[in-house]
Amino acid sequence: MSEAARGKLVVMSGPSGVGKTTVLRRLLAECPLPLRASVSATTRPPRPGEVDGVDYHFLSEEEFHRRRQRGEFLECYEVYGSGWWYGTLKGEVASGLESGQWVVLGIDVHGAFSVVDQYPDAITIFLRPSSLEELERRLRGRGTEDEESIQRRLQQASNEMALADWYRHQVINDDLDRAVREICQILMHMGESRDV
C-alpha cells in the first residue's frame, strides 16, 4: 500500500485526570479526519458499563502475559503499582493504519517512547492541565480515589509534565472545546504536510 493511502499514527499523552478520554471522544466525533481510537488491552476488570472490545480488550493476566511474551504489544506497562496491566496491541494499530485510518493512542509517556521507537513518524501530542493545582482539583472532584492514590498520581503527573517537551505538540486542556479544536487543527495541518 502506498504511503499516501496508509493512515497516520497519533500518540496522545497527558497526566491522569487531564481529560484524555473526554478529549479523545470529542475528537473522534468532531474532527473530519478518518480517526480511530486504538482499543487498549488490560488485565483490570471492566467497570460498570464498559464493553469488551469497545472500551478495552479485557484479558486475563495469563492471556495478557502470554501475548506479551509473543511480542504482540507495541507497549505495555503496569499502572501505578496497582497490579493491573495495560498495553497497545500491534495488530490493533497495524489494521487501522493499513485501512487508511488515523489511529489515535491515548497512552502514558513511557508507552509513547516505546511506540515512537517503532513508529518514528508518529504525531505526538501532550495534553496538559493549566496547572498541577487544577489537576489536583480534577482528581479530587472524581471522588474515586483515596488520598494516597491522589498523591501518587500527582507525583506521576509532575514527572510526566517534565517530559512534555519531548512531544512535537502541547495542548492545554483548560477549555474542552478549544483543546479539541486545537488538536483537530494540528492533525489537519499534519495531514496536509508531507513532512510528518
Side-chain angles (χ1 to χ4, degrees), residues 9-27 37-45 47 55-57 59 61 64-65 68 71 73-90 92-93 103-176 178-180 182-183 186-187 190:
L9 186 61
V10 180
V11 175
M12 188 165 65
S13 304
S16 178
V18 78
K20 288 187 300 293
T21 303
T22 305
V23 167
L24 181 52
R25 200 172 288 136
R26 285 276 304 274
L27 193 63
S38 173
V39 179
S40 296
T42 184
T43 59
R44 79 156 168 76
R47 294 179 182 139
D55 298 290
Y56 286 95
H57 296 292
L59 305 178
E61 212 165 298
F64 192 99
H65 293 297
R68 188 175 169 215
F73 288 102
L74 265 180
E75 55 85 37
C76 63
Y77 56 97
E78 183 188 0
V79 174
Y80 300 118
S82 65
W84 305 130
W85 283 80
Y86 290 80
T88 303
L89 291 162
K90 289 179 180 177
E92 180 84 21
V93 171
V103 180
V104 185
L105 306 181
I107 57 177
D108 82 339
V109 172
H110 298 291
F113 292 162
S114 178
V115 169
V116 170
D117 277 347
Q118 297 164 76
Y119 287 90
D121 60 344
I123 301 165
T124 55
I125 300 169
F126 191 86
L127 193 62
R128 332 175 44 107
S130 53
S131 66
L132 274 174
E133 292 74 25
E134 172 59 19
L135 188 68
E136 181 174 0
R137 188 190 66 71
R138 287 186 193 185
L139 286 171
R140 292 187 184 286
R142 285 176 168 181
T144 57
E145 299 174 58
D146 61 21
E147 185 62 27
E148 182 185 344
S149 178
I150 288 172
Q151 291 305 320
R152 195 167 54 234
R153 286 182 185 268
L154 287 171
Q155 181 56 55
Q156 180 74 17
S158 178
N159 295 342
E160 289 174 345
M161 286 169 63
L163 298 170
D165 286 344
W166 176 83
Y167 288 75
R168 190 169 300 170
H169 307 278
Q170 294 184 45
V171 174
I172 297 173
N173 186 21
D174 56 357
D175 176 286
L176 180 60
R178 187 198 51 73
V180 170
E182 188 175 336
I183 293 170
I186 288 168
L187 297 181
M190 297 305 280

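Given the structure is predicted, the values throughout are model-derived calculations rather than measurements. Computed over heavy atoms, backbone and side chain alike; hydrogens, waters and symmetry mates excluded.
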*Asks:* Looking at every heavy atom in both Lys90 and Leu74, which two are closest together, and how far apart are they?
*Replies:*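 Closest pair (atom of Lys90, atom of Leu74, distance): CG-N, 3.6 Å.
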
*Asks:* If every non-hydrogen atom of Arg26 is compared with every non-hydrogen atom of Val180, which pair is closest and at what distance?
*Replies:* CB-CG2, 3.6 Å

*Asks:* Is there a donor-acceptor pair closer than 3.5 Å between any side-chain N or O of Lys20 and the backbone N or O of Gly14?
*Replies:*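 Checked: pair present.
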
*Asks:* Under 4.5 Å between any side-chain heavy atoms of Val10 and Met190, yes or no?
*Replies:* no

*Asks:* Cut-off 3.5 Å, side chains only: do Gln155 and Gln151 have a donor facing an acceptor?
*Replies:*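 Gln151 and Gln155 do not have a side-chain donor-acceptor pair below 3.5 Å.
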
*Asks:* So, for Phe113 and Trp166, is the gap between ring centers shorter than 6.0 Å?
*Replies:* yes

*Asks:* Closest approach of Ser13 and Val109, non-hydrogen atoms and distance?
*Replies:* OG-N, 4.2 Å

*Asks:* Which heavy atom of Arg128 sits nearest a heavy atom of Val18, and at what distance?
*Replies:* C-CG2, 3.4 Å

*Asks:* From Ser38 OG over to Ile107 CD1, what is the distance, rounded to the nearest 0.5 angstrom?
*Replies:*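 These two atoms lie 8.5 Å from each other.
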
*Asks:* Given side chains that start at C-beta, do those of Tyr119 and Val93 come closer than 4.5 Å, heavy atoms only?
*Replies:* yes

*Asks:* Just verifying a value: how many Å separate Leu135 CG and Leu154 CG, rounded to the nearest 0.5 Å?
*Replies:* 6.0 Å

*Asks:* Do any N or O atoms from the side chain of Arg44 and from the backbone of Tyr86 form a donor-acceptor pair under 3.5 angstrom?
*Replies:* no

*Asks:* If only side-chain N and O atoms count, and only distance matters, is there a donor-acceptor pair under 3.5 Å linking Thr88 with Glu75?
*Replies:*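 The criterion, which ignores hydrogens and geometry beyond distance, is satisfied for Thr88 and Glu75.
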
*Asks:* Work out which heavy atom in Ala164 is nearest to a heavy atom in Phe126; give both atom names and the distance.
*Replies:* CB-CD2, 3.6 Å

*Asks:* A side-chain contact here means heavy atoms from C-beta on lying under 4.5 Å apart; do Thr43 and Glu78 qualify?
*Replies:* no

*Asks:* For the backbone of Cys76 and the side chain of Ser114, can you confirm whether one donor and one acceptor N or O come within less than 3.5 Å of each other?
*Replies:*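 No: the side chain of Ser114 does not pair with the backbone of Cys76.
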
*Asks:* Rounded to the nearest 0.5 Å, how far does CD1 of Ile125 lie from CG of Leu187?
*Replies:*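 Those atoms lie 4.5 Å apart.
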
*Asks:* Which ring-ring contact (aromatic ring centres under 6.0 Å, His included) pairs, counting each pair once, include a residue from residues 130-164, with sequence neighbours left out?
*Replies:*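 Qualifying pairs, neighbours excluded: none.
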
*Asks:* Keeping Asn173 on the side-chain end and Ala179 on the backbone end, is there a donor-acceptor pair under 3.5 Å?
*Replies:*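 No; judged by distance alone, with no hydrogens or angles, the pair does not exist.
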
*Asks:* Is Thr124 reaching over with its side chain to a backbone N or O of Arg168, donor-acceptor style, under 3.5 angstrom?
*Replies:*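 It does hold such a pair.
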
*Asks:* Counting only N and O atoms by type, is there a donor-acceptor contact under 3.5 Å from the side chain of Glu182 to the main-chain atoms of Val171?
*Replies:*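 Here the side-chain-to-backbone pair does not exist.
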
*Asks:* Verify salt bridge (charged side-chain N to carboxylate O under 4.0 Å, His left out) between Arg137 and Glu133, making sure each step is shown before the conclusion.
*Replies:* CA-CA 6 Å; Arg137 188 190 66 71; Glu133 292 74 25; over 6 Å; no

*Asks:* To the nearest 0.5 angstrom, please state how far the CD atom of Gln156 sits from the CG atom of Asp108.
*Replies:*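 Rounded to the nearest 0.5 Å, the CD-CG separation comes to 7.0 Å.
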
*Asks:* Compare every heavy atom of His169 with every heavy atom of Ile123, then report the nearest pair and how far apart it is.
*Replies:* CG2-CD2, 4.2 Å

*Asks:* Could you check Arg47 against Asp55 for side-chain contact (heavy atoms from CB on, under 4.5 Å), going step by step and ending with a plain yes or no?
*Replies:* CA-CA 10 Å; Arg47 294 179 182 139; Asp55 298 290; over 6 Å; no

*Asks:* For Arg68 and Phe73, indicate whether the former's side chain and the latter's backbone hold a donor-acceptor pair under 3.5 Å.
*Replies:* no

*Asks:* To the nearest 0.5 Å, how far apart are CD in Glu147 and CZ in Arg140?
*Replies:* 4.0 Å

*Asks:* Within a strict 4.5 Å, meaning less than it, do heavy atoms of the Glu160 and Ser16 side chains meet?
*Replies:*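 Not touching, per the 4.5 Å side-chain cut-off.
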
*Asks:* Hey, could you give me the CZ/CG distance between Arg25 and Leu176, rounded to the nearest 0.5 Å?
*Replies:*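 One gets 10.5 Å once the value is rounded to the nearest 0.5 Å.
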
*Asks:* Kindly say whether Asp174 contributes a backbone atom to a donor-acceptor pair with the side chain of Glu134 at under 3.5 angstrom?
*Replies:*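 No: the side chain of Glu134 does not pair with the backbone of Asp174.
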
